[in-house]
Number of protein chains: 2
Amino acid sequence: MPFTNDELDDILKHFKKEAIPKNQMLVRQGEVSKTLYFIESGLGRSYYLNQAGKEITQWFFGSGKFMASADSFFQQCPSLYFIEVLEDAVIYSITKEKLDELFDTYPKMEKLGRLVTTEMLTKVVNKLNAIQFQTAKERYEYMLAEFPDISYQVSLGHIASYLGMTQETLSRIRKSNSRK
Amino acid sequence: MPFTNDELDDILKHFKKEAIPKNQMLVRQGEVSKTLYFIESGLGRSYYLNQAGKEITQWFFGSGKFMASADSFFQQCPSLYFIEVLEDAVIYSITKEKLDELFDTYPKMEKLGRLVTTEMLTKVVNKLNAIQFQTAKERYEYMLAEFPDISYQVSLGHIASYLGMTQETLSRIRKSNSRK
DNA sequence: TTCACTTTTTGATATAGGTCAAAAGAAAAT
DNA sequence: ATTTTCTTTTGACCTATATCAAAAAGTGAA
């Protein structure tokens with residue numbers, strides 16, 4: 001993005017840099033989320049509780065990515081998701097108000113916002129297609145391709161629910177893959 | 001959106017209004033799509049061909065909605081999807097270049113763009129959750145709730161593939177619903 | 001009205017992946 | 001070190017939905 005150094009300085013001043021230890025919860029279901037996070041290092045995930053009260057991973061956020069309960073942050077409605085930090089992280093955060101300020105000051109930022117959302121949209125659509133029409137095994141392979149790093153850092157159960165299968169099934173898939 | 005009448009006039013001038021008959025193809029897989037469509041009336045769908053060569057409906061677009069092969073239009077890459085008109089339609093279309101012109105002239109438009117994408121994102125996430133963790137019957141009910149009109153206008157096979165099930169299964173679900 | 005073609009329904013059978021329960025393995029806490 | 005707790009693996013069994021095949025119903029053209 002073509003910002004001058006002065007602009008960049010000003011923009012970065014609006015963000016707060018923090019070290020966040022693992023297992024910390026950043027957003028709770030039902031809260032209106034006021035903060036957008038950018039992950040410098042570490043790992044986060046969003047999840048929700050299904051009818052049976054089971055945690056369903058909705059998304060993983062790796063380093064270099066923006067993390068938010070998208071619906072809640074952008075529409076300022078109660079979040080459907082929890083967001084938690086899975087690995088000790090360094091995170092830049094910004095409130096909705098400050099971000100909107102930036103959007104007003106720097107129209108170029110709107111573009112950035114639009115591009116970030118569009119990228120996210122593309123990824124979600126990809127996952128949708130993977131989930132909808134691939135076997136459990138193929139979905140796991142899609143995940144290995146899309147988030148190679150994450151597959152090792154994260155517990156089986158988190159990944160399984162992300163991929164829409166039980167952890168038993170994922171365990172069996174891993175076993176059958178390793179035999180070969 | 002707070003535009004003056006002059007602005008609105010200018011914006012609308014960039015769009016082309018057209019009547020498009022049913023069964024017309026607007027975007028083909030592999031093409032880079034240069035056009036964004038807004039459906040005044042009528043109905044469209046996007047779909048792709050899976051490995052077996054079967055058409056898989058990816059999305060339905062009803063009146064009052066924007067329609068595009070999102071990845072292709074926004075990132076200007078070859079489209080993964082076909083887009084076709086299912087019911088005679090009246091459509092406003094705009095090219096990528098003209099839209100970008102508008103974005104440059106009217107920063108407020110960026111915001112609009114961002115909001116449209118965000119809304120889309122929310123819907124895709126909803127569908128993802130429906131597909132990922134609900135039974136075939138529940139998915140059909142989700143569809144009846146989300147697109148009540150579409151369920152009647154569209155062929156069984158199109159809907160079944162959209163919902164990630166076979167048409168036989170959908171036919172049986174409809175039968176069991178009507179018995180009650 | 002009949003013929004060709006498409007879409008939907010029905011039936012029989014197969015299977016991927018879910019569920020439940022328990023064992024084994026790791027990690028954390030005392 | 002040892003106990004407690006959490007995570008992963010394994011096994012047996014079951015069910016929702018896919019697949020395959022054929023019949024029935026619907027649609028449109030000649």
Side-chain angles (χ1 to χ4, degrees), chain A residues 21-25 43 45 47 49-57 60 82 84-88 129-144 150-180, chain B residues 21-25 43 45 47 49-57 60 84 86-88 129-144 150-180:
Chain A
K22 72 188 267 189
N23 294 326
Q24 186 162 325
M25 196 78 78
L43 182 62
R45 74 156 180 153
Y47 68 93
L49 302 175
N50 68 3
Q51 296 92 322
K54 228 186 98 189
E55 293 182 4
I56 306 294
T57 301
F60 293 110
F82 295 87
E84 68 175 3
V85 170
L86 293 178
E87 300 289 338
D88 292 352
N129 292 333
I131 292 280
Q132 191 162 4
F133 295 104
Q134 292 180 233
T135 62
K137 186 169 186 171
E138 288 167 333
R139 276 177 268 157
Y140 181 57
E141 272 146 22
Y142 142 85
M143 158 123 199
L144 286 180
I150 287 176
S151 323
Y152 297 100
Q153 304 168 37
V154 172
S155 89
L156 188 80
H158 290 353
I159 295 177
S161 74
Y162 174 78
L163 292 175
M165 64 185 76
T166 61
Q167 54 178 32
E168 291 94 329
T169 297
L170 181 53
S171 171
R172 288 178 178 121
I173 288 170
R174 280 190 167 168
K175 187 184 175 191
S176 90
N177 281 349
S178 68
R179 263 198 285 98
K180 282 181 264 176
Chain B
K22 71 190 267 188
N23 295 327
Q24 186 163 326
M25 196 78 79
L43 181 63
R45 74 158 180 151
Y47 68 92
L49 301 175
N50 69 3
Q51 297 91 320
K54 227 186 98 188
E55 292 182 4
I56 306 295
T57 301
F60 292 110
E84 69 176 1
L86 293 177
E87 299 291 336
D88 292 354
N129 292 333
I131 291 281
Q132 192 163 3
F133 295 106
Q134 291 180 232
T135 62
K137 186 168 185 171
E138 288 167 333
R139 276 177 269 157
Y140 180 57
E141 271 144 25
Y142 143 84
M143 158 123 198
L144 286 180
I150 288 176
S151 324
Y152 296 100
Q153 304 169 36
V154 172
S155 89
L156 189 79
H158 289 352
I159 294 177
S161 75
Y162 174 79
L163 292 175
M165 64 185 76
T166 61
Q167 55 178 30
E168 291 93 329
T169 296
L170 181 52
S171 170
R172 288 177 178 123
I173 288 170
R174 280 190 167 167
K175 188 184 174 193
S176 90
N177 282 348
S178 69
R179 263 198 286 97
K180 282 181 262 174

Can you check the L163(B) CG to dT17(D) P distance for me, whole Å?
12 Å

5' to 3', nucleotides 7-23 of chain C under a 4.0 Å protein heavy-atom cut-off (B base, S sugar-phosphate only, - none) gives -BBBBB----SSBBB--

Intermediate values then yes/no, side-chain contact (heavy atoms from CB on, under 4.5 Å), I131(B) and Y142(B):
CA-CA 9 Å; I131(B) 291 281; Y142(B) 143 84; over 6 Å; no

Please lay out, stage by stage, how S171(B) and R174(B) fare under the test side-chain contact (heavy atoms from CB on, under 4.5 Å).
CA-CA 5 Å; S171(B) 170; R174(B) 280 190 167 167; 5.9 Å; no

Whole angstrom is fine here: how far is it from OH in Y140(B) over to C1' in dT17(D)?
17 Å

Lys/Arg N to Asp/Glu carboxylate O, R45(A) vs E55(A), below 4.0 Å
yes

Angle between ring planes, F82(A) versus Y47(A), binned at 30° and 60°: parallel, tilted or perpendicular?
parallel

Considering all heavy atoms, the nearest V154(A)-L86(A) contact:
CG2-CD1, 4.1 Å

